[in-house]
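These notes concern the structure reproduced below.
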Amino acid sequence: MSKNKQVIIKTLPEGKLTEDNYELIESELPDIGDNEVMVKTISFAITAGTRAGLQGSASYAGAPKTGIVMNSTGVGEIAESNNEAFPVGAKVLTMTGWQAYSVQKPESLTLIREDVDPSLYLGPLGINGLTAYFGLLEIGQPKAGETVMISAAAGSVGHMVGQIAKIKGCKVVGVCGSDEKCNTLIDELGFDAAVNYKDPNYRQSLKDATPDGVDVYFDNTGGMILGSALFRLNSGGRIACCGVVSQYDTSTPEPGPKGIPGLLVNKSIRMQGFLVFDFADRYDQATDELIEWINEGQLKILTDELDGLDQAPKGFVDLLAGGNIGTRVVNVS
Ligand SMILES: NC(=O)c1ccc[n+]([C@@H]2O[C@H](COP(=O)([O-])OP(=O)(O)OC[C@H]3O[C@@H](n4cnc5c(N)ncnc54)[C@H](OP(=O)(O)O)[C@@H]3O)[C@@H](O)[C@H]2O)c1
């Protein structure tokens with residue numbers, strides 16, 4: 001174990017992200033220091049929010065940089081350890097990045113429960129599942145019988161939001177970018193309706209799919225879909241602003257849609273952003289409930305897998321173009 005494989009950010013994207021913004025390199029493995037561990041990556045998730053990091057629009061990610069390993073959450077196995085709490089062989093969730101091995105400090109490690117499939121920590125039990133859970137339940141505050149609309153609904157966060165809303169007794173309408181995705185949401189995940197925003201009749205189809213209006217809009221996209229949701233929201237509606245994926249893959253993001261603040265005022269709508277980290281002290285409670293829903297078959301997990309570190313750049317470019325259904329995962333070892 002002397003060499004590492006890493007995908008580094010070679011250049012920052014100008015306009016759309018391309019595979020050429022990345023480079024696969026081989027490097028020497030460093031020694032681990034006091035208390036540190038070496039994690040061998042099993043797999044990592046490719047998620048839309050990391051594109052905001054490359055754009056400089058994600059506050060928690062800091063200024064975008066080149067020459068560093070592309071960041072991501074991953075699951076791995078401890079290969080060397082100077083810390084008794086994390087013995088060799090233990091499985092952990094950590095910021096592996098796009099690389100085969102990483103040196104980690106204990107505060108950046110979460111031990112994976114032994115009775116749980118580690119891959120679940122990249123979807124429902126990882127950042128995206130917790131985002132779906134807290135964003136919907138705490139920010140959206142859905143009540144049984146209400147209508148919940150979700151954008152990027154067939155993506156990692158979105159497909160879980162819709163199912164959690166169904167568990168809570170809501171009517172669920174997904175918005176996504178293909179008829180195939182719409183069918184998956186309805187036929188496999190139990191959404192009540194799904195609308196393709198690329199369809200020329202999108203606005204009328206959304207109206208037809210939300211005859212009672214919308215009470216909670218879970219916004220993963222911003223842009224035109226947020227604009228369309230504003231006009232369907234009922235008085236007292238809530239908008240949970242989770243992300244702005246329609247404006248990440250560009251150097252010139254558009255301003256927000258018309259209707260803000262006018263429609264918010266006239267219909268007493270609450271629009272609130274959040275970061276999943278705001279709820280870090282409650283991750284354990286959410287994890288217990290998410291595991292229960294998975295075990296009971298109420299929460300189905302869609303995972304879209306690629307094999308090999310070298311597939312990550314292409315997989316990310318494709319994800320931003322809508323190529324994924326559910327959580328996109330790259331298997332490394
Ligand atoms: N607030 C937080 O703490 C937090 C934490 C995690 C993630 N997030 C946010 O959650 C959102 C979803 O992330 P994810 O990891 O689950 O990604 P994802 O939904 O799995 O993948 C991105 C999806 O966005 C859709 N998309 C791309 N361009 C679009 C456009 N111009 N208009 C509409 N949809 C477009 C594509 O699906 P279509 O085929 O439907 O176009 C694509 O599959 C992101 O905005 C991310 O930043 C927020």
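Remember, predicted model here, so these are calculated numbers, not experimental data. Whatever order the structure lists ligands and atoms in, that order sets their numbers, starting from 1.
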I need the atoms of ligand 1 closer than 4.0 Å to a non-hydrogen atom of [X], numbered in the order shown.
{"X": "C176", "value": "40 (O)"}
{"X": "G155", "value": "18 (P), 19 (O), 20 (O)"}
{"X": "L319", "value": "21 (O), 42 (C), 43 (O)"}
{"X": "Y197", "value": "29 (C), 30 (C), 32 (N), 33 (C), 34 (N), 35 (C), 38 (P), 40 (O), 41 (O)"}
{"X": "V244", "value": "45 (O)"}
{"X": "G243", "value": "45 (O)"}
{"X": "L320", "value": "27 (C), 28 (N)"}
{"X": "K181", "value": "37 (O), 38 (P), 39 (O), 43 (O)"}

When you check the side-chain N and O atoms of [X] and [Y], is any donor under 3.5 Å from an acceptor?
{"X": "Y133", "Y": "E289", "value": "yes"}
{"X": "S228", "Y": "R203", "value": "no"}
{"X": "D179", "Y": "N196", "value": "yes"}
{"X": "S178", "Y": "E180", "value": "no"}

Region of [X] engaging ligand 1 - heavy atom pairs below 4.0 Å:
{"X": "Y248", "value": "side chain"}
{"X": "T131", "value": "side chain"}
{"X": "M224", "value": "neither"}

Is it the case that ligand 1 has an N or O less than 3.5 angstrom from some N or O of [X]?
{"X": "T47", "answer": "no"}
{"X": "A48", "answer": "yes"}
{"X": "G323", "answer": "no"}
{"X": "I225", "answer": "no"}
{"X": "G177", "answer": "yes"}
{"X": "C241", "answer": "no"}
{"X": "L275", "answer": "no"}
{"X": "S156", "answer": "yes"}
{"X": "T221", "answer": "no"}
{"X": "S178", "answer": "no"}

Looking only at protein heavy atoms, which one is nearest to [atom], and how far off is it?
{"atom": "atom 44 (C) of ligand 1", "value": "N220 O, 3.9 Å"}
{"atom": "atom 16 (O) of ligand 1", "value": "V157 N, 2.8 Å"}
{"atom": "atom 7 (C) of ligand 1", "value": "N128 OD1, 3.7 Å"}
{"atom": "atom 48 (C) of ligand 1", "value": "C242 O, 3.1 Å"}
{"atom": "atom 36 (C) of ligand 1", "value": "G322 CA, 3.6 Å"}
{"atom": "atom 43 (O) of ligand 1", "value": "N324 OD1, 2.5 Å"}

Handout entry: Selected option - heavy-atom contact closest to atom 3 (O) of ligand 1, from V276, I139, V245
Key =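 Heavy atom nearest to atom 3 (O) of ligand 1 belongs to V276.
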Exercise for the section: Give a yes or no on whether E254 atom CD has more than 12 heavy-atom contacts from other residues, nucleotides or ligands under 6.0 Å away. Expected result: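 No, CD of E254 has 12 or fewer neighbouring heavy atoms, counting only those of other groups under 6.0 Å.
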Handout entry: Distance in Å, M95 CE paired with I127 CD1, rounded so as to fall on 0.5 Å steps
Key =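 One gets 8.0 Å once the value is rounded to the nearest 0.5 Å.
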Problem - Point-to-point distance, once rounded to the nearest 0.5 Å, from CG of L264 to CG of L230 - result: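 Nearest 0.5 Å value for the CG-CG distance: 6.5 Å.
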Problem - Qualifying residue for side chain to side chain contact (heavy atoms under 4.5 Å, CB included) with K16, from V317, N21, T250, D249 - result: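 Of V317, N21, T250, D249, side chain to side chain contact (heavy atoms under 4.5 Å, CB included) with K16 is met by D249 alone.
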Exercise for the section: Return yes if some donor-acceptor pair links the side-chain N/O of Y283 with the main-chain N/O of F279 below 3.5 Å, else return no. Expected result: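 Looks like no, no N/O pair under 3.5 Å.
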Practice task
Look only at the side chain of Q163 and the backbone of H159, and say whether a donor-acceptor pair between them is shorter than 3.5 Å.
Solution key: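 Yes; judged by distance alone, with no hydrogens or angles, the pair exists.
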Practice task
Mind running side-chain contact (heavy atoms from CB on, under 4.5 Å) on T327 and L302 for me, showing each step along the way?
Solution key: CA-CA 6 Å; T327 307; L302 297 182; over 6 Å; no
Exercise for the section: Could you establish whether A154 and ligand 1 come within less than 4.0 Å of each other, counting only heavy atoms on the residue side? Expected result: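 No heavy atom of A154 comes that close to ligand 1.
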Handout entry: Test: K171 and D192 ion pair at under 4.0 Å
Key =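 Salt bridge between K171 and D192, a charged N being under 4.0 Å from a carboxylate O: no.
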Problem - Salt-bridge criterion met for E28 and K3 (N-O under 4.0 Å) - result: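 Salt bridge between E28 and K3, a charged N being under 4.0 Å from a carboxylate O: yes.
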Problem - Transitive ILVMFWY side-chain link L233 to Y197, under 4.5 Å - result: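 Hydrophobic grouping puts L233 with Y197.
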Practice task
Check whether I32 and V39 end up in the same hydrophobic cluster, where Ile, Leu, Val, Met, Phe, Trp and Tyr are linked by side-chain heavy atoms less than 4.5 Å apart.
Solution key: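 I32 and V39: separate clusters.
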Exercise for the section: Identify the two heavy atoms, one from Y248 and one from A48, that lie closest to each other, and give their separation to 0.1 Å. Expected result: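 Minimum heavy-atom contact is CD1-O, 3.5 Å.
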Problem - For T221 against S151, the heavy-atom pair lying closest together - result: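 Heavy atoms of T221 and S151 come nearest at OG1-OG, 3.2 Å.
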